[in-house]
Amino acid sequence: MSENEKQCCHHKDRRRKIIRRCFSGILIFLFIILIIILIIWAVLQPTNPRFTLQDATLFILNITAPNLISLTIQVTVVSHNPNTRISVYYDKIAVFADYRHQQITLYSVIPPAFQAENDNDVWSPFLYGYNIPIDPSNGVALMRDRDSGRVPMVINLNTRVRWRVGLFVSGRYHLQVSCPAYIPIGNPGGLGVVVPGGGGGGGGGGGGGVKYQLSQSCSVDV
């Protein structure tokens, strides 16, 4: 091997060593950053947002056949972020009502939102369903509940959330909120307050409604 060839091989080996060292340094740096993020995350221990179903205003509840239901209802949901160092990004939130585990309204969508540390948000979506087909046994049960003056349903919120700690933003996590609502149909005991019409659209809900204060805590699954 000539002198020039030896020098060329030497330069190639040196270049490989430099590349390996740079690559190793980058990996070590990324590993340290990851460890720091995990330590901060473990110390802060983010707590799930808390949700309360504050009230529900019923405009329409019609059962035109044992398996067809029309419903117009407006609900007010309060979301609280209990974390003092962690904020929350919400993707768009899909809201719907169900009765005995069967969906009885279409989806209403709440736009994406940002919730700062220890902050509250209030959402008041309208939920509509017009001639929604349901199981006949559920239709019979719903008529029975309506006639008895107490209709149990569940208000559901489905979304994805991201946690922000300083400049770090986590990946998306599915968040499901279930709010039990017991609607005292017929205004027994003066529990409801008559309100002007506001349920226009979605099945002709242009008439007045009855607003019920619920203040019901919701379950949250992430």
Side-chain angles (χ1 to χ4, degrees), residues 16 18-56 71 73-129 132 152-181 201-202 214-222:
R16 290 195 192 98
I18 293 175
I19 292 173
R20 289 196 192 101
R21 288 175 181 173
C22 290
F23 185 70
S24 299
I26 293 172
L27 287 179
I28 292 172
F29 175 77
L30 293 177
F31 179 75
I32 292 174
I33 294 297
L34 179 61
I35 292 297
I36 292 174
I37 291 174
L38 290 176
I39 291 174
I40 293 174
W41 192 257
V43 170
L44 293 178
Q45 292 182 345
T47 302
N48 291 336
R50 297 169 185 163
F51 292 81
T52 302
L53 179 60
Q54 184 169 295
D55 58 60
L71 174 67
I73 188 171
Q74 183 184 21
V75 297
T76 300
V77 179
V78 179
S79 170
H80 173 64
N81 177 14
N83 298 286
T84 57
R85 296 184 180 89
I86 301 175
S87 52
V88 186
Y89 288 102
Y90 293 92
D91 287 353
K92 61 182 181 181
I93 306 168
V95 189
F96 66 95
D98 75 56
Y99 174 78
R100 297 180 68 174
H101 308 291
Q102 187 166 12
Q103 186 170 339
I104 56 175
T105 68
L106 303 176
Y107 290 100
S108 291
V109 177
I110 299 172
F114 172 77
Q115 191 170 51
E117 300 88 343
N118 202 29
D119 197 9
N120 295 315
D121 282 334
V122 180
W123 301 311
S124 298
F126 279 91
L127 307 179
Y128 301 104
I132 301 295
M153 62 180 69
V154 178
I155 307 301
N156 300 278
L157 297 87
N158 289 327
T159 184
R160 291 185 180 274
V161 297
R162 291 171 292 159
W163 310 98
R164 192 183 81 175
V165 183
L167 298 178
F168 169 73
V169 179
S170 73
R172 285 178 168 83
Y173 294 87
H174 181 259
L175 184 142
Q176 182 173 352
V177 181
S178 299
C179 304
L214 302 176
S215 299
Q216 177 66 52
S217 298
C218 308
S219 64
V220 180
D221 292 321
V222 178

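Residues take their numbers from the sequence shown, with the count starting at 1.
- In this structure, CD on Gln54 lies 9.5 Å from CG on Leu214, to the nearest 0.5 angstrom.
- Thr105 places a side-chain N or O within 3.5 Å of a backbone atom of Ala97 that can act as its donor or acceptor partner.
- One distance of note links CZ of Arg100 with CG of Asp98; it measures 11.5 Å at 0.5 Å rounding.
- With values rounded to the nearest 0.5 angstrom, Leu175 atom CG is found 8.0 Å from Asp221 atom CG.
- Exactly one of Leu53, Val177, Val75, Val220 qualifies for a side chain to side chain contact (heavy atoms under 4.5 Å, CB included) with Leu157. That residue is Val177.
- Contact record, Asn156 with Ser178: OD1-OG, 3.5 Å, taken as the closest heavy-atom pair.
- Taking 4.5 Å as the limit, every side-chain heavy atom of Ile132 sits out of range of all side-chain heavy atoms of Leu71.
- Between Asp91 and Arg162, the closest side-chain pair of non-hydrogen atoms falls below 4.5 Å.
- The shortest distance between side-chain heavy atoms of Tyr128 and Leu106 does not fall below 4.5 Å.
- Distance check, rounded to the nearest 0.5 Å: NE2 of His174 to OG1 of Thr159 gives 8.0 Å.
- A distance of 12.5 Å separates CH2 in Trp123 from OG1 in Thr76, rounded to the nearest 0.5 Å.
- You'll find the side chain of Arg164 reaches within 4.5 Å of the side chain of Val169, heavy atoms only.
- Side-chain contact check for Pro152 versus Tyr99: some heavy-atom pair is nearer than 4.5 Å.
- Checked by atom type, the side-chain pair Asp121/Ser79 shows no donor-acceptor distance below 3.5 Å.
- A 4.5 Å side-chain heavy-atom check between Gln216 and Cys179 finds every atom pair outside the cut-off.
- Aromatic ring orientation, Phe114 versus Tyr89: tilted (interplanar angle from 30° to 60°).
- Results of the side chain to side chain contact (heavy atoms under 4.5 Å, CB included) test with Phe51 over Ile155, Val78, Val77 single out Val77 as the only residue that passes.
- Residues Asn120 and Val122 form no side-chain contact, since every pair of their non-hydrogen atoms from C-beta on lies 4.5 Å or further apart.
- One N or O on the side chain of Asn83 and one on the backbone of Thr47 form a donor-acceptor pair closer than 3.5 Å.
- Between Ile86 atom CD1 and Gln115 atom CD the span is 12.5 Å, to the nearest 0.5 Å.
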